[in-house]
Amino acid sequence: MTLKIGLLGLGTVGTGTAEILLNPTGRHPLLQEIEIYKVGVRSLDKPRTISLPPNVLTTDLESIVTDEAVDIVVEVMGGLEPARSLILKAIAHGKHIITANKAVIARYGAEIFTAAQKAGIYVMLEAAVGGGIPVIQPLKQSLGVNRIRAITGIVNGTTNYILTRMQAEGSEFNDILADAQQLGYAEADPTADVDGLDAADKIAILASIAYGGRIKLPDVSCEGIRQVSAADIAYAQKLGFVIKLLAVAKREETALVADSPDSEMLQVRVHPTLVPQTHPLASVSGVYNAILVEGEPIGQVMFFGPGAGSGPTASAVVSDIVNIAAVLKTGGNTEHLHPLLSCSHQHYCRLAPMSELVTRFYARFLTKDSPGVIGSLGTCFGKHNVSLESVVQTGFQNELAEIVVVTHDVREGNFRQALDEIRTLEAVDSIPSILRVL
Ligand code: NAP
Ligand code: HSE
């Protein structure tokens with residue numbers, strides 16, 4: 001029996017998906033049993049790079065998700081609405097769902113998975129994180145027996161491209177962003193990427209799978225890269241670091257004391273970070289993505305590859321189609337969803353406030369160049385239990401001395417209190433940057 005696909009969207013990912021499905025030779029044999037039945041788009045007049053059989057294209061997406069003949073709905077249209085409503089309607093009509101839409105899943109995952117679980121429907125999202133990089137199924141399956149200690153990822157290609165070029169060229173953020181927009185590497189509205197929102201969606205999804213609980217997206221701490229300057233990148237380099245936008249999900253060290261999942265405290269956060277040049281994530285450059293998973297007993301595993309793009313993302317989408325096809329072909333009983341393909345958790349993970357985070361910090365100060373300034377900074381830090389690893393005064397900016405400090409591990413709350421006090425010092429002009437250190 002052929003499985004019929006209703007594809008919502010024929011843009012970058014939809015076209016790549018159709019290209020694989022229409023050209024199955026040399027790929028997994030199950031692809032021979034999968035048919036593109038309907039494709040929903042916004043405009044029928046738009047020129048397409050792919051030719052589809054007649055009457056496949058439609059602008060009536062609701063007719064696709066309610067069509068009795070459709071077995072699997074592949075949502076690659078993006079945006080929140082109508083994507084969310086169409087997914088829910090498709091579930092109500094018994095269609096399995098594949099989506100690349102991290103924004104919808106990170107915000108409405110609870111609603112979507114609850115509906116799907118009730119209806120015996122699979123919702124698959126390999127393409128939603130890391131584009132073509134297989135990371136969702138590996139977390140669910142191959143690494144599923146590990147206790148995941150941490151996931152640390154570069155999961156946004158646009159920001160990694162911008163930071164890589166800032167590093168290579170010594171240029172400022174705004175100049176590289178403008179160029180990246182002209183070259184098509186950054187969107188006209190870059191907010192979701194440069195403010196870390198896209199990475200926050202993705203780490204919320206990874207954390208949910210790795211730690212088997214739902215994540216409230218507003219609780220994910222999120223800082224983007226707009227405030228990263230060429231000066232910070234240069235100082236970081238001198239100190240042996242590169243600056244990367246990291247998405248981190250980490251189990252608090254004390255969280256496994258009790259067996260109950262309710263006792264778990266997680267950190268889930270996105271922020272620019274100084275990464276030691278010797279760390280495996282430091283060499284991930286340009287638009288590439290990488291996700292480092294640390295588990296017990298496996299140790300470290302790193303997934304690296306293309307985090308976006310038509311073909312790579314379609315590879316992830318179609319792998320989900322094949323997974324569902326395999327289950328359905330072998331008599332998949334949708335009253336009992338395959339436990340390695342479905343997500344059945346319903347509780348919410350507890351996220352630790354950032355003030356409890358223990359990490360190293362980098363801070364850059366502009367101060368008067370007068371005797372005792374470094375001493376008074378040190379005194380303020382000491383008062384709040386902040387121990388310093390290094391203090392350097394390397395240059396001047398318009399008569400002001402530039403002092404860079406790297407701390408030892410410190411509770412973020414203590415560090416912020418120290419900074420509040422330092423800001424009140426007469427000799428301190430400003431603190432242009434505060435970054436965490438891996
Ligand atoms: P895209 O190129 O903008 O394509 C969107 C497609 O959906 C277009 O075919 C568009 O129709 C259709 N569409 C959008 N809104 C519609 C509406 N209201 N009614 C009918 N059709 C509508 O987007 P994309 O880059 O392929 O991204 C799709 C999804 O994949 C997003 O959720 C994105 O976050 C995710 N994703 C993308 C990548 C990537 O590399 N691009 C990687 C990973 C994940 P028209 O063609 O008629 O305009
Ligand atoms: N906008 C994303 C990025 C690609 O820059 O990585 C899709 O996830």
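Just so you know, these numbers come straight off a predicted model, no measurement behind them. In each ligand, atom 1 is the first atom listed, and ligand 1 is the first ligand listed.
- Two residues are said to be in side-chain contact when any heavy atoms from C-beta on lie closer than 4.5 Å; Ser433 and Tyr362 meet this criterion.
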Point to revise | salt bridge (charged side-chain N to carboxylate O under 4.0 Å, His left out) assessment of Lys95 paired with Asp71 | key: CA-CA 5 Å; Lys95 321 296 179 205; Asp71 300 292; over 6 Å; no
Identify all pairs of nitrogen or oxygen atoms, one from ligand 1 and one from the protein, separated by less than 3.5 Å, and list them with distances.
from: ligand 1; atom 1: 2 (O); to: Thr12; atom 2: N; distance (Å): 2.9
from: ligand 1; atom 1: 2 (O); to: Thr12; atom 2: OG1; distance (Å): 3.3
from: ligand 1; atom 1: 9 (O); to: Leu10; atom 2: N; distance (Å): 2.8
from: ligand 1; atom 1: 9 (O); to: Gly11; atom 2: N; distance (Å): 3.1
from: ligand 1; atom 1: 11 (O); to: Arg42; atom 2: N; distance (Å): 3.1
from: ligand 1; atom 1: 15 (N); to: Arg42; atom 2: NH2; distance (Å): 2.7
from: ligand 1; atom 1: 21 (N); to: Arg42; atom 2: N; distance (Å): 3.1
from: ligand 1; atom 1: 26 (O); to: Thr12; atom 2: N; distance (Å): 3.1
from: ligand 1; atom 1: 26 (O); to: Val13; atom 2: N; distance (Å): 2.8
from: ligand 1; atom 1: 34 (O); to: Lys102; atom 2: NZ; distance (Å): 2.8
from: ligand 1; atom 1: 40 (O); to: Gly309; atom 2: N; distance (Å): 2.7
from: ligand 1; atom 1: 46 (O); to: Lys46; atom 2: NZ; distance (Å): 3.3
from: ligand 1; atom 1: 46 (O); to: Arg48; atom 2: NH1; distance (Å): 2.7
from: ligand 1; atom 1: 46 (O); to: Arg48; atom 2: NH2; distance (Å): 3.2
from: ligand 1; atom 1: 47 (O); to: Arg42; atom 2: N; distance (Å): 2.9
from: ligand 1; atom 1: 47 (O); to: Ser43; atom 2: N; distance (Å): 2.9
from: ligand 1; atom 1: 47 (O); to: Arg48; atom 2: NH2; distance (Å): 2.9
from: ligand 1; atom 1: 48 (O); to: Lys46; atom 2: NZ; distance (Å): 2.8

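- Salt bridge status for Arg84 with Glu111: present, with a side-chain N to carboxylate O gap under 4.0 Å.
- Side-chain contact check for Leu328 versus Leu3: some heavy-atom pair is nearer than 4.5 Å.
- Residues Leu7 and Gly14 approach most closely at CD2-O, 3.7 Å, considering heavy atoms.
- Between His96 and Tyr122, the angle of the ring planes lies from 30° to 60°, which puts this pair in the tilted group.
- Between the side chain of Asp320 and the backbone N or O of Glu126 there is at least one donor-acceptor pair closer than 3.5 Å.
- Applying side chain to side chain donor-acceptor pair (under 3.5 Å) to Glu294 and the options Arg149, Lys250, Arg251 leaves one that passes, Arg149.
- With rounding to the nearest 0.5 Å, the separation of CD in Gln267 from OG in Ser221 is 10.0 Å.
- Ordered by chain and residue number, the residues placing a heavy atom less than 4.0 Å from ligand 2 are Lys102, Asn156, Gly157, Thr158, Asp193, Asp198, Lys202, Ala308.
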